[in-house]
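The structure appears right after this line, and notes come after that.
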Amino acid sequence: EVRFGIMNEAYPPFFTKDPSGKWIGWEIELMDAVCAEMKETCSIVDMSWDGLIPGLEAKKFDVIWSSMSITDERKKTIDFTDKYYNTPSKLIGAKDGKLGAAADDVADKTIGIQVSTIQSEYYKKYFADKASEQTYATLDEAFQDLAAGRIDYVFGDAIPLAEFLKSDFGKDCCEDKGNVKDDPAILGTGIGGGLRKDDTALRDKLNAAIAAVRASGKYAEISKKYFDFDPYGE
Amino acid sequence: MMRSAAALLVEDVHKSYGQHEVLKGVSVSAQNGDVISLIGSSGSGKSTFLRCINFLEIPDRGRFVFGGEEVLMKPGREGRAHPANWRQIERIRTGLGMVFQSFNLWAHRTVLENVIEAPIHVLRQNRREATERAEALLSKVGLYDKRHAYPAFLSGGQQQRAAIARALCVDPAVMLFDEPTSALDPELVGEVLKVIRGLAEEGRTMLLVTHEMKFARDVSTHVMFLDQGRVEEEGPPAQVFGAPLSARCREFTGSLSH
Amino acid sequence: MMRSAAALLVEDVHKSYGQHEVLKGVSVSAQNGDVISLIGSSGSGKSTFLRCINFLEIPDRGRFVFGGEEVLMKPGREGRAHPANWRQIERIRTGLGMVFQSFNLWAHRTVLENVIEAPIHVLRQNRREATERAEALLSKVGLYDKRHAYPAFLSGGQQQRAAIARALCVDPAVMLFDEPTSALDPELVGEVLKVIRGLAEEGRTMLLVTHEMKFARDVSTHVMFLDQGRVEEEGPPAQVFGAPLSARCREFTGSLSH
Amino acid sequence: MSSSQSLLELLSPYPPGWGGVLLAGALSTVLISLGAYLVGIAIGLVGAIGKLKGNRPVRFVLDLYTTAVRAIPELILIIGLYYAGTDGLNRILSALGLPAVEINGFVAAVAVLGIVQGAYMTEVFRGAILAIPVGQIEAAAAFGMRPRLRFRRIVLPALLPNALPGLANLWMSVTKDSALIAVVGYQELALATRIAAGNTKHYFLFFLASAALYLAITLISNVVFAALESRFRRGQPTTA
Amino acid sequence: MDFSWIFSYWPLLAAGAVQTVLLLVISVVFGFILAIGLALAQVIGPRWLKLFARGYCTCLRGTPLLIQLWLLYYGVGSLLPMIPGLRASFLWPILREGFFFAAVSFTLNYAAYEAEVLRGALLAVPKGELEAGRSFGMSSSTLLRRIWLPRAVRIALPTIAGEVVLQLKATPLAFTVTVMDLYAVAYKVRQDTLLVYEPLMVVTVFYVCLTLIITRAFKVVEAQVPVRR
Ligand SMILES: Nc1ncnc2c1ncn2[C@@H]1O[C@H](COP(=O)(O)OP(=O)(O)OP(=O)(O)O)[C@@H](O)[C@H]1O
Ligand SMILES: Nc1ncnc2c1ncn2[C@@H]1O[C@H](COP(=O)(O)OP(=O)(O)OP(=O)(O)O)[C@@H](O)[C@H]1O
Ligand SMILES: N[C@@H](Cc1c[nH]c[nH+]1)C(=O)O
Ligand SMILES: [Mg+2]
Ligand SMILES: [Mg+2]
């Protein structure tokens, strides 16, 4: 049996619980496909975002499957599978018709960023001397402040941000300002499953399964239900 | 304020707790220098009467005049009267000193602090002067050594003496004493007697609840015998103790010699 | 238990609060049926002595024998003794009745509940019988009507009578009374006197702190005069009040006739 | 979620409404709180007596307990007990040759919150006992009541009116603190609210709905506490 | 164990500690003042005030602080920009800040809890001691200031100490409205460095020290009046 650790807050469209308590979302369907491929039974353990790495190490579950970006910093502590999706980072902001996501566009503005994400590192390198940062515990909080006009931009993973713009709440106030220029050294090399360092057997199995799901067309089939593009990236 | 007016005039006080009518029309009138003793059996309403006089209990009915100034009353619910103006009552109370049957010392203050509290914070006297007077009073009642002790660490009689000193320190025109010697030994009773006589000579008026008939006889100018919420007998001590008119009073004071 | 042994033998009790030595070696011995009065000025240590006898205060030193059974003591810190076995003390206490100077009624229980509490929960008596006896006692002290009232709603004398009834209801072999008549009128004092005489005739032993010399003279078989933590004078009432040997005692009892 | 859904539909107790999720969350909240509260009362009574009557080492240990537990944020205690604690427990068990146990979120929540409540209760009870006039306890001793009996018949009923407001406060705070248990993945009302809000982006609707549920829990508790207080305040004159 | 991160994070840690202490002091001081009013309103206020105070305490104690904070910050706060001109006014820098909202909602919440404690304590003051004050002609305000309140506060002291510590531990919630208090800094360090326990240990030490100071201070105050036991 393989136990998957997933963050216990809504992160649509990747994972969330529906009102009946069932886990749904792109990442969940991918997990099912991967498990079928591995011929393993799978279960989900939910945990707060900051409890995921301790939970993994305390063997409460075996793999973090929670849209976690593969970064060098994290690699010091845990291991990752190959990436199973990749998403650019983008800015969204209040509707004012001025598009653009370069440093000059955000001059003198306040940018809301979730604490300790890859975007937070990126901000330090590219935006820090022009704009100011406001730190949030969750993306949802940043969205609300953006709608309230307390901040000018939210900077985060493109897909959840786009999801917000589609909602009743985000539709009226805000718009897409565009993706930022990539910097893989900071923004990472995609999103993968997090593993204990010594758990190479599971890593190899998962990597094989991810590759197989992608090759069989199952990956594309799942993605079509959620996106009009291929989330795998190049 | 008319100088000739009675220091204290209280008429027809009624008070009930629920169905139980504790005071059924009690009156008293006192001139400056009078010492009036209230005697009567336990539960007859003596404490309640004293407490009505300074409005710790709100009497259902009654007329109250202090040094010529009448307490304004207004009709309340169920035919009961209420003081119309609490400010007036607070002002009048500053001229009344009370010693409670259960002492009621403030537990969070030392003996000295208990005594200087009202002079400083009600009468707005200078702290040093108040302290000096308080210490003199405490010496008088033999408590100077204990002035920095908290009430919980005092003997019964010491607490009572502290309460007496506290009441005296505000220099009141009228004093209400509820069994002020109940916890005192005969020597101290004698001391208190002296103090009361001294106060009477200064022209102060005193109302005194007591169970010690001898004390009442020695100290009072006038004695009232309360029975079941009514004044059953009153007059000079010689009459009440010597030749009471009422049978009930004769019985009560007769029991002195068991 | 030897029948001939003293009902109560207390020897050389010492007690200090901090630097202040309140009892400097007080002894008492009582036979069944004895009524021993403790008199003395306020703060002389009377209450403390009574409270040491039932170990509400832990004496620093002393020997205690109840009906032939000695309280086991063990040496504690700073040369002070401690009871070796609290179980023993608890057992002995069930045979001691106490009336406190400040009554100490349980505020959360009615008068009747106060009285039946110990018979039911300590002596494990039947509730109905305890209630019957309690009601009889309450009638005796004139409190039957107030049996369902809470202590806060009683007059001072009523509270004291409730406390007396509570102590009597456990039927104790030795009774400790701390100024049991301080809040009572002369009639009730007479009643209490009768009760105490009755108990003495039944062979019960009583220790009685009082400030009413007349009462002490009438009721006691033996009187002790305490002064500054020492027994200054003791003997039959006729001697202590009539022809005291000590000058201090003469002064104290002399002050009776101010 | 489709935007055509009316607000009421969102709150419907049956899927696709989120009302059921909130109600289930509220039930977990009550259960966790109740468990922790009872554990806390037991610890608190023992702790208060120990602090007042215990010897030096007992008092020292209890002082350490109340200060430490009250000082460390609950969240840290929960994380500590859930991760490090179960890890340690299982290590001990395996050293003894016993099978490992899985401490689930519920047990961890009740244990941790109960230990925390116990520390606060110790102080509340201590204060309440100190507020009882000494004479009343002495009177009980004078009748030969054993400490246990004295406690049950005199101290306990006399301390309750003093302690009840503090106890009510603690109940109110444990119902809220139970929200912290979300970090170990146990879904109670606060987490249920966040999930519903995050899913639908109707933040205020769900904040308000959950505030209403918490308030309902409180109002019901208030009725209980008011009844207790009027019962235990008998004998005290009402107007001060 | 790895504490090397402290060197690069200490300015943040210090700033966080300041925020934590500020939030605590502001909410306890103003909350206590408010609580006195609320408690008195419940004990001696006229009927309408009694009802209001009751209702206030019920609502604020009845819902989680977190939700109150959110409703205030994201709810009321999001209505503010709609007031014309406010965004340009000098108030906006304050109203924009999470700190302001956190301080306000912590104060309001603390007041509700403290009022409840004080109410009980006010009722626990022996009636006779108040009567003694009245008999000297103390006005209600003098009686309150000199006898009733000090006596009640004494009775409530152990509970108040507890409430203050609870309030200390409520401060991390401010992070949800962007205040970088000490706990938030530790959270950030944990996420940045992926050290699980070390940052929490540092924070714990800080909270424990602060709690010790608080409880010591209360012990000193308690010892002012000896208790006979
Ligand atoms: N708990 C205590 N701590 C310190 N000193 C105390 C304590 N209890 C009593 N005292 C002191 O001990 C002395 C004797 O007190 P005790 O109560 O025995 O006097 P008493 O003879 O009963 O006086 P009274 O007739 O006034 O009741 C007094 O000076 C009193 O202040
Ligand atoms: N708050 C109260 N509620 C109900 N009844 C009361 C209250 N206070 C006093 N009483 C009753 O009123 C009667 C008179 O009480 P009061 O205290 O005036 O008596 P007293 O004459 O002072 O007696 P004592 O000599 O025993 O002090 C008593 O029967 C008492 O039980
Ligand atoms: N993918 C980003 C942001 C994220 C937050 N929660 C889930 N994902 C990261 O791992 O830093
Ligand atoms: Mg009386
Ligand atoms: Mg005494």
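In what follows, chains are A, B, ... by sequence order, proteins preceding strands, each numbered from 1.
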How long is the span from the CE atom in B:Met213 to the CG atom in C:Asp185, to the nearest 0.5 Å? 7.0 Å
The criterion is side-chain contact (heavy atoms from CB on, under 4.5 Å); which residues satisfy it with B:Leu112, sequence neighbours excluded? B:Thr110, B:Ile116, B:Thr131, B:Ala134, B:Glu135, B:Leu138, B:Arg147, B:His148
What are the residues of residues 36-50 of chain B, in order of number, with any heavy atom under 4.5 angstrom from a heavy atom of chain C? B:Gly40, B:Ser41, B:Ser42, B:Gly43
Evaluate side-chain contact (heavy atoms from CB on, under 4.5 Å) for C:Glu212 paired with B:His211, printing each intermediate quantity in order. CA-CA 11 Å; C:Glu212 302 195 46; B:His211 285 313; over 6 Å; no
Check whether B:Lys194 gets within reach of chain C through its side chain, its backbone, both or neither, counting any heavy atom under 4.5 Å. neither
More than 12 heavy atoms of other residues, nucleotides or ligands under 6.0 Å from CD of B:Glu113: yes or no? yes
Might you confirm whether atom NZ of B:Lys24 has over 12 heavy atoms from other residues, nucleotides or ligands at distances under 6.0 Å? yes
Measure the spacing between CD of C:Glu187 and CD of B:Glu251 and express it to the nearest 0.5 Å. 5.5 Å
Got a sec: does the CD of B:Gln228 have more than 12 other heavy atoms crowding it under 6.0 Å? no
Heavy-atom closest pair (B:Gln101 atom, C:Ala183 atom, distance to 0.1 Å) is NE2-CB, 4.1 Å
